[in-house]
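In what follows, a structure is listed as structure tokens, so that the remarks can point back to it.
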Number of protein chains: 2
Amino acid sequence: MADSKFDRDLVRGSLDLMVLSVLADDGRNYGYEIQRRVREASGERVKLPAGTLYPLLHRLEAAGLILSQWDDSTGRRRKFYKLSAAGRRRLKSDADAWLAHVRCVRLLLSSVVDLDGPGGEPASA
Amino acid sequence: MADSKFDRDLVRGSLDLMVLSVLADDGRNYGYEIQRRVREASGERVKLPAGTLYPLLHRLEAAGLILSQWDDSTGRRRKFYKLSAAGRRRLKSDADAWLAHVRCVRLLLSSVVDLDGPGGEPASA
DNA sequence: GTAGATAGGTTGATCAGCGATATATCGGTG
DNA sequence: CACCGATATATCGCTGATCAACCTATCTAC
């Protein structure tokens, strides 16, 4: 499961946001690790394949939101990314827009489903 | 504002969900009204243009999630849609998946932004 | 050596969103 | 009546993101 058309589109709207968030958290990270961070953070839900990840990073860099720097000092050839000032601003505004949108959808869903659905409050389970 | 690349992709992941939710709320509704309901429910954020709306409805119908019926009795030629049994099941499961995903992204964002950001609690504004 | 993980990358097919465009009706105004 | 804007549905074509598949290269372990 977790690879239907719905799941892909679900992820689509928050992929950039998730990657920017990971970089904000870590300060500095490289593609392969970002991939694992997103996969783990999402509970294996978001697989973020290489064919999506690298074009995405290049797109964010071209937009001036992240900065790259090659690092071979560890033996492994890695391209590290970090947020630019514009990237930090973008993360903030995109996060606000995302949260606002989530509130709207939750409102629509409120009369339809149980918002504290399966896995909602693990502490009480 | 509210029509950037980010906003479009933001919406993409929950458009089907929003339309299904509106139909679950209303029981029975037609395209033009669904369009207005979504626009209002989203605080004018989601415009849902005709070029998106109608292909979307056709797709949901082809998938057996909604059922259509023409109605000319009011003078206006309208195509009413309602959820099928499969559509109700799908709404429930998609809503659960969406809520689970939202929880993950919120977790990633928690260390980055204020989750009760602007417009969070209108009562206190 | 060779298999698998790490690390980065591209390409092509697919498909959804949406602006533009088309059609038709209804109600109101000049 | 003619005209216009709102209502109502629909399609076409462009754009752009996702991702399976594929490629290269290095490191570790067997």
Side-chain angles (χ1 to χ4, degrees), chain A residues 2-20 28-40 42 45-63 65-66 68-81 94 101, chain B residues 2-20 28-40 42 45-63 65-66 68-81 94 101:
Chain A
D3 56 344
S4 67
K5 177 240 171 251
F6 173 76
D7 290 294
R8 293 187 206 289
D9 284 343
L10 205 177
V11 161
R12 202 184 187 108
S14 48
L15 252 193
D16 292 17
L17 197 58
M18 295 179 87
V19 170
L20 291 176
R28 177 176 184 272
N29 212 340
Y30 60 99
Y32 201 77
E33 251 299 297
I34 294 172
Q35 185 183 39
R36 186 185 298 125
R37 287 268 283 123
V38 168
R39 178 159 34 83
E40 284 176 2
S42 69
R45 216 183 322 276
V46 182
K47 289 294 169 43
L48 192 44
T52 300
L53 172 66
Y54 294 108
L56 185 154
L57 288 171
H58 298 162
R59 184 162 44 80
L60 291 179
E61 190 180 15
L65 302 177
I66 60 177
S68 71
Q69 192 177 8
W70 284 101
D71 189 338
D72 299 54
S73 65
T74 58
R76 284 287 184 189
R77 185 173 152 272
R78 289 166 176 157
K79 198 176 186 177
F80 282 83
Y81 290 94
D94 279 8
H101 179 71
Chain B
D3 55 344
S4 67
K5 175 237 169 260
F6 173 75
D7 290 294
R8 293 188 206 288
D9 284 344
L10 205 178
V11 160
R12 202 186 186 106
S14 48
L15 254 192
D16 291 18
L17 199 57
M18 293 180 90
V19 169
L20 291 176
R28 179 179 184 269
N29 212 340
Y30 60 99
Y32 200 78
E33 251 299 299
I34 294 172
Q35 185 183 38
R36 186 185 297 123
R37 288 268 282 124
V38 168
R39 178 161 32 84
E40 286 177 1
S42 69
R45 217 182 320 276
V46 182
K47 288 294 168 43
L48 193 44
T52 299
L53 172 66
Y54 294 106
L56 185 154
L57 289 171
H58 297 163
R59 185 162 44 80
L60 291 180
E61 190 180 13
L65 302 178
I66 60 178
S68 71
Q69 193 178 7
W70 283 102
D71 188 338
D72 298 54
S73 64
T74 57
R76 285 286 186 187
R77 183 172 153 276
R78 288 164 178 160
K79 198 175 185 177
F80 281 83
Y81 290 94
D94 279 7
H101 180 69

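Any value given below was found using the heavy atoms of this structure, including those in side chains, with hydrogens, waters and symmetry copies removed. Chain identifiers are assigned alphabetically (A, B, ...) following the order of the sequence lines, protein sequences preceding nucleic acid strands; residue numbering begins at 1 within each chain.
Note: CZ (A:Arg59) to P (D:dT15) measures 17 Å, nearest angstrom. Atom pair A:Arg12:CZ and C:dC15:P shows a separation of 12 Å (rounding to whole Å applied). Taking atom CD of residue A:Gln35 and atom P of nucleotide C:dG8, one finds them 9 Å apart after rounding to whole Å. The distance between atom CG of A:Leu57 and atom C1' of D:dA17, rounded to the nearest whole Å, is 14 Å. The nearest whole Å value for the distance from the CG atom in A:Leu53 to the P atom in C:dT6 is 14 Å. One can place CZ of B:Arg39 at 12 Å from P of D:dA6, the figure rounded to the nearest angstrom. Straight-line distance from the OH atom of A:Tyr30 to the P atom of C:dG9: 13 Å, rounded to whole Å. In this structure, the CZ atom of A:Arg77 is 17 Å from the P atom of D:dT28, given to the nearest Å.
When heavy atoms are screened at a 4.0 angstrom cut-off, A:Lys5 is found touching the sugar-phosphate backbone but no base atom.
Using a cut-off of 4.0 Å between Lys/Arg side-chain N and Asp/Glu carboxylate O, A:Arg28 and A:Asp71 are scored as salt-bridged. Ion pairing of B:Arg78 with B:Asp72 is absent here, as no side-chain N (NZ or NE/NH1/NH2) approaches a carboxylate O to less than 4.0 Å.
Place A:Gly51 and B:Gly51 on DNA chain C by their nearest nucleotides, and A:Gly51 ends up nearer the 5' end. Remark on DNA chain D: of its neighbouring residues A:Ala50 and A:Asp16, the 5'-side contact belongs to A:Asp16, judged by nearest-heavy-atom nucleotide. Nearer the 5' end of DNA chain C, as judged by each residue's closest nucleotide, is the contact made by A:Tyr32, out of A:Tyr32 and B:Leu15.
Contact between the side-chain N/O atoms of B:Tyr54 and the OP1/OP2 oxygens of D:dT9 is found at a separation under 4.0 Å. Between B:Arg78 and the phosphate of C:dT25, there is no side-chain N or O to OP1/OP2 separation shorter than 4.0 Å. Contact annotation: B:His58 reaches the phosphate of D:dT11 (side-chain N/O to OP1 or OP2, under 4.0 Å). Considering only side-chain N and O atoms, B:Thr52 lies under 4.0 angstrom from the phosphate OP1 or OP2 of C:dC18. Taking side-chain N and O atoms only, A:Lys79 has a distance below 4.0 Å to OP1 or OP2 of C:dG9.
Side-chain contact, A:Ser14 with B:His101: a donor N or O sits under 3.5 Å from an acceptor N or O.
Note that the CZ atom of A:Phe80 and the CD atom of A:Gln69 stand 9.5 Å from one another [nearest 0.5 Å].
The nearest pair of heavy atoms linking A:His58 to A:Tyr81 is CD2-OH, 3.8 Å.
Contact annotation: side chain of A:Arg76 to base of C:dT6, donor-acceptor pair present below 3.5 Å.
Taking the side chain of B:Arg8 as heavy atoms from C-beta on, and the options C:dG19, D:dA20, C:dA16, the nearest nucleotide is C:dG19.
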